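Notes to accompany the following structure.
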Amino acid sequence: MFVYAAVVEIAIPCRSLKGKRAIVKSILARARNRFNLSGAEVDRQDDWGTAMLGFASVSGSRLRARQILEQLEVWLVAERPDVDVVGFDITEC
């Protein structure tokens with residue numbers, strides 16, 4: 001069993017925590033449904049301009065676990081032009 005984690009830092013163009021929450025919840029739900037990942041907002045909950053999201057991928061194949069997170073990055077950039085991906089870091093746990 002192989003476990004990979006990704007930490008994603010995004011810049012969100014909104015002016016309230018309510019607006020940020022809507023964007024973050026949408027990203028997390030769509031990522032869970034599309035890639036079967038676990039995800040959560042892991043830092044900067046009180047900062048309405050940025051968010052740190054954490055995702056985990058578990059697979060029997062090291063290559064597949066990493067590929068899923070790489071596909072998440074490509075999807076996030078392509079499907080969510082309203083947010084800027086500032087950082088994307090993948091690590092093996």
Side-chain angles (χ1 to χ4, degrees):
M1 174 176 69
F2 298 96
V3 179
Y4 276 80
V7 177
V8 183
E9 182 178 0
I10 57 174
I12 302 172
C14 64
R15 299 192 183 269
S16 69
L17 287 174
K18 187 175 181 180
K20 172 190 173 181
R21 186 170 48 247
I23 292 170
V24 168
K25 283 181 126 182
S26 171
I27 291 171
L28 291 174
R30 292 179 70 193
R32 285 183 196 127
N33 289 336
R34 184 173 180 98
F35 299 103
N36 196 23
L37 296 169
S38 295
E41 185 176 6
V42 295
D43 197 7
R44 300 193 182 152
Q45 286 91 348
D46 294 331
D47 182 8
W48 51 264
T50 61
M52 295 286 283
L53 307 178
F55 293 95
S57 173
V58 179
S59 178
S61 164
R62 173 177 280 138
L63 179 63
R64 182 66 184 143
R66 185 171 178 87
Q67 281 179 340
I68 291 170
L69 293 174
E70 291 170 351
Q71 290 172 358
L72 171 70
E73 181 181 15
V74 171
W75 171 81
L76 189 57
V77 170
E79 294 292 320
R80 296 305 302 243
D82 58 330
V83 299
D84 293 323
V85 177
V86 177
F88 198 97
D89 184 38
I90 299 173
T91 58
E92 184 175 6
C93 301

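This one's a predicted model, so the numbers in the text were calculated from it and none came from an experiment. Hydrogens, waters and symmetry mates play no part in the numbers below; they use all other heavy atoms, side chains included.
- Proximity of a side-chain donor or acceptor of Lys20 to a complementary backbone N or O of Thr50 within less than 3.5 Å is detected.
- Among pairs with a residue in residues 43-54, those fulfilling salt bridge (Lys or Arg N to Asp or Glu O under 4.0 Å) read Glu9-Arg44, at least two apart in sequence or across chains.
- Tracing side-chain contacts under 4.5 Å through hydrophobic residues (I, L, V, M, F, W, Y), one reaches Trp75 starting from Tyr4; they form part of the same cluster.
- With sequence neighbours excluded, the residues forming a side chain to side chain contact (heavy atoms under 4.5 Å, CB included) with Asp84 are Ala11, listed by chain and number.
- Between Leu69 and Leu37, some side-chain heavy-atom pair lies under the 4.5 Å cut-off.
- Hydrophobic clustering keeps Val7 apart from Val86 (ILVMFWY residues linked when any side-chain heavy atoms are closer than 4.5 Å, directly or through intermediates).
- No side-chain heavy atom of Glu41 sits less than 4.5 Å from a side-chain heavy atom of Arg21.
- Rounding to the nearest 0.5 Å gives a distance of 11.5 Å between CZ of Phe55 and CD of Glu73.
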Going by atom type alone, with no hydrogens or angles, which donor-acceptor pairs under 3.5 Å involve a side-chain atom of residues 24-36 and a protein atom two or more places apart or on another chain?
{"residue": "Ser26", "atom": "OG", "partner": "Arg80", "partner atom": "NH1", "Å": "3.0"}
{"residue": "Arg32", "atom": "NH2", "partner": "Gly39", "partner atom": "O", "Å": "2.6"}
{"residue": "Asn33", "atom": "ND2", "partner": "Ala29", "partner atom": "O", "Å": "3.3"}

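- Of the inter-residue distances, the one linking Ile68 atom CD1 with Ser59 atom OG reads 5.5 Å to the nearest 0.5 angstrom.
- Nearest approach of Ala51 to Ile12, heavy atoms of both residues: CB-CD1, 3.9 Å.
- Annotation: the span from Ser57 atom OG to Gln67 atom CD amounts to 10.0 Å, rounded to 0.5 Å.
- Contact detail for Phe2 and Ser61: the closest heavy-atom pair is CD1-C, 3.7 Å.
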Could you go through the side-chain contact (heavy atoms from CB on, under 4.5 Å) check for Ile23 and Val83 one step at a time? CA-CA 9 Å; Ile23 292 170; Val83 299; 3.8 Å; yes

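- You'll find the side chain of Leu72 reaches within 4.5 Å of the side chain of Phe88, heavy atoms only.
- One hydrophobic cluster, built from ILVMFWY side chains closer than 4.5 Å, holds both Leu53 and Val77.
- Following chains of ILVMFWY side-chain contacts shorter than 4.5 Å, one can reach Leu76 starting from Ile90, so the two form part of one hydrophobic cluster.
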